[in-house]
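Structure first, then comments.
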Amino acid sequence: MAEVEAQLILILYLLVIAGAVGIFTSRYKQLQYTTGLLLAGLLISIIGSPIEVELTSDLILLALLPALIFNDALNIDVDAFRRNIVPILGLAVIGLLASIVIIAVVGQAVFGFSLAVAILFGAIIMPTDPVSVLAVFEDLGVPERLNILVEGESLLNDGVSIVVYSSILALFVQAESGGVEVADLVTPSALLADIGLGIGVALVGGALVGGVVGYGAYQLISRVDDELTAVVLSFIVAYGVYVSLDVFGSSGVIGTLVAGIILGSSPSRSEISPETNFTVEAIWGYAAFIANTLIFVALGIITPFDLLIEYAPQIVAAIVLVFFARAVVIYPLVGILNRWLATPISRAYQHVLSWSGIHASVSIALVLGVSERFSGPLAEQLSALVFGVAAFTLLVNGPTMGRVIARVGISKQRPPQRLYEALVGRLHGVNAALDTAVRLLERDEIPTSVFEDITAIYKDEQRELETAIERLLDKHPSIREHEERLGQHRILIAEYEAISGAIQRGEISNDVGSRLLDDVKVELDRVMSDEWTLEEPTTPEYRPYWRQQLKKVGVEADSGDDNGAYRFG
């Protein structure tokens, strides 16, 4: 009983600190909530905490991380995630592994690590935690694509880094128990093969298990459609998938992510009542908020200041190395990916991606895992470096992200644009309410008189919203142009995918198909004027491939547009 009371007192202690920070940051908007939590923890660490705070690896990885991942999965834009899955996977898998390699090569010389320790350090320090960055994104209203790239990369690279970390740490445990060096247990090629196999199992196995369990849970929830039962089932899914995959050596991160995406996707939402969806999302939102709060407060309190001072020069070197490893991978990797992407990632986005590398909760959890298993100078050195890099990125990268976004020229949302989004968002809600009322009437769950009263109110609001939207678009033509460009962009992406599918099915040859795809890219360039796929803008006299071929055979299309002008421009 005494131990339970001590845990409850500790949680209340941390929540009191968080409450005080929340009150302060609500009055002084310049300070972010997560940054305020960390600073409060650091201040308490300096002056001394009246209550001993212990943050363990298992607490973060097994109790708090699943809540953060599942909440993000429920709320992620599934369509945007699917459209950007190629660059997300490239950054989260290839980019992370390349960064670890750079850390491993340079770390041996800078920190005196062995190869195995340098790889371990890379796996610990390189996963990203975007909570502070995404908060800034929300305030500034950055483009949806940039938001999904940062969030998607972070969600996936957590799973990949844990696989690499687990593989290396298992070797250290085996070497210690056998009284031998890690280099004597495995060759570099065998180690790489083991890590590659582990990543493959994590991605494929985690996705399969998460997909099956998530779909099964969706079927159960849609049939029962009870709010409290749905909450219970969602907790079983999130933690059940995570823990079971972790026990069997696959990736609980990937499994929980996929299960949450399936439960939160549009088809699933349409079969589950809005009340149930709202309750599940709200509960998980609170759970994630509490998890983040506990992590950031505790992280500040347990920061080992004595080690930070002792290893200060090495921490500075580690900060430079981590930034270098991320930047030197992102720019070339994105440049290569842009050759195959229908909509390339602009240079401005690449700058933000490089600066969004905040290394916090997962990195701290992994280095705590090392400290819990081993003691001595090496464990202290790794702790100092990781805590130092985490503190720097949280206190510097997060708060300065707004200035970086402004500096690279990524447009922020103006008040009229935010008003437009508010009106459209409310219109979606009104339309959903009307659809729900119709379904309730059809199932005889509300009387006709009640249906008419309710729908009359919503239809009046629907007309007001539609009128307000049109007047806003008339007053601000730039918003109308922006929305038209987004619509045109989606249409062109559909064209690109249709032509790619025809090439894969063998309906058109690769040569002809590639020319047709180039034409679509040209039109995409004109629609998305800030992201060029070609080195130079094309001239107005450019003629699409199919028009060129018609002219060669002496046939002209039945159109008054003899110059073959763009549809969008």
Side-chain angles (χ1 to χ4, degrees), residues 77-95 143-146 148-149 152-153 156 200 203-204 207 265-266 330-347 349-350 484-569:
D77 187 329
V78 179
D79 291 334
F81 185 79
R82 179 184 56 81
R83 289 195 302 269
N84 292 281
I85 191 62
V86 172
I88 288 173
L89 281 173
L91 292 168
V93 180
I94 300 173
E144 173 193 61
R145 190 185 191 199
L146 179 57
I148 200 69
L149 287 172
E153 180 201 359
L156 290 178
L203 291 176
V204 178
S265 63
S266 297
I330 282 181
Y331 293 105
L333 178 60
V334 171
I336 294 172
L337 289 172
N338 279 343
R339 299 179 182 179
W340 288 278
L341 295 178
T343 306
I345 299 171
S346 69
R347 180 66 72 175
Y349 282 21
Q350 294 173 44
E484 288 176 351
R485 284 202 315 164
L486 289 179
Q488 294 162 358
H489 179 258
R490 294 189 181 101
I491 292 170
L492 289 169
I493 290 295
E495 280 190 40
Y496 192 95
E497 292 177 350
I499 295 172
S500 298
I503 295 172
Q504 294 173 1
R505 293 189 299 270
E507 296 174 4
I508 57 178
S509 66
N510 287 331
D511 179 56
V512 172
S514 64
R515 297 295 299 272
L516 294 174
L517 291 176
D518 287 341
D519 290 338
V520 178
K521 285 184 179 180
V522 170
E523 296 200 43
L524 278 166
D525 289 336
R526 290 177 61 87
V527 171
M528 306 301 289
S529 58
D530 61 332
E531 295 188 10
W532 290 90
T533 58
L534 304 179
E535 291 185 1
E536 296 292 339
T538 53
T539 63
E541 292 77 20
Y542 178 84
R543 294 175 64 86
Y545 172 71
W546 65 273
R547 288 190 182 275
Q548 298 176 26
Q549 299 307 303
L550 283 177
K551 187 172 184 180
K552 285 183 179 179
V553 297
V555 177
E556 287 292 340
D558 185 16
S559 171
D561 184 9
D562 187 52
N563 292 325
Y566 297 100
R567 286 164 290 166
F568 306 135

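By convention here, the first residue in the shown sequence is residue 1. Since this is a predicted model, take the numbers as computed values, not measurements.
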Under 4.5 Å between any side-chain heavy atoms of [X] and [Y], yes or no?
X: Phe81; Y: Ile88; value: yes
X: Val93; Y: Leu156; value: no
X: Ile508; Y: Ile499; value: yes

Determine yes or no for a side-chain-to-main-chain donor-acceptor pair under 3.5 angstrom, with [X] supplying the side chain and [Y] the backbone.
X: Asn338; Y: Ile345; answer: yes
X: Glu495; Y: Val520; answer: no
X: Arg505; Y: Ser500; answer: no

How long is the gap from [atom1] on [X] to [atom2] on [Y], to the nearest 0.5 Å?
X: Leu517; Y: Glu497; atom1: CG; atom2: CD; answer: 11.0 Å
X: Asn510; Y: Arg515; atom1: CG; atom2: CZ; answer: 14.0 Å
X: Ile94; Y: Leu337; atom1: CD1; atom2: CG; answer: 7.0 Å
X: Ile503; Y: Ser509; atom1: CD1; atom2: OG; answer: 8.0 Å
X: Glu144; Y: Asn84; atom1: CD; atom2: CG; answer: 8.0 Å

Smallest separation among heavy atoms of [X] and [Y], with atom names:
X: Arg145; Y: Thr343; result: NH2-O, 2.6 Å
X: Leu149; Y: Tyr349; result: CD1-CD2, 4.5 Å
X: Gly90; Y: Leu333; result: O-CD2, 3.4 Å
X: Trp340; Y: Tyr496; result: O-OH, 4.0 Å

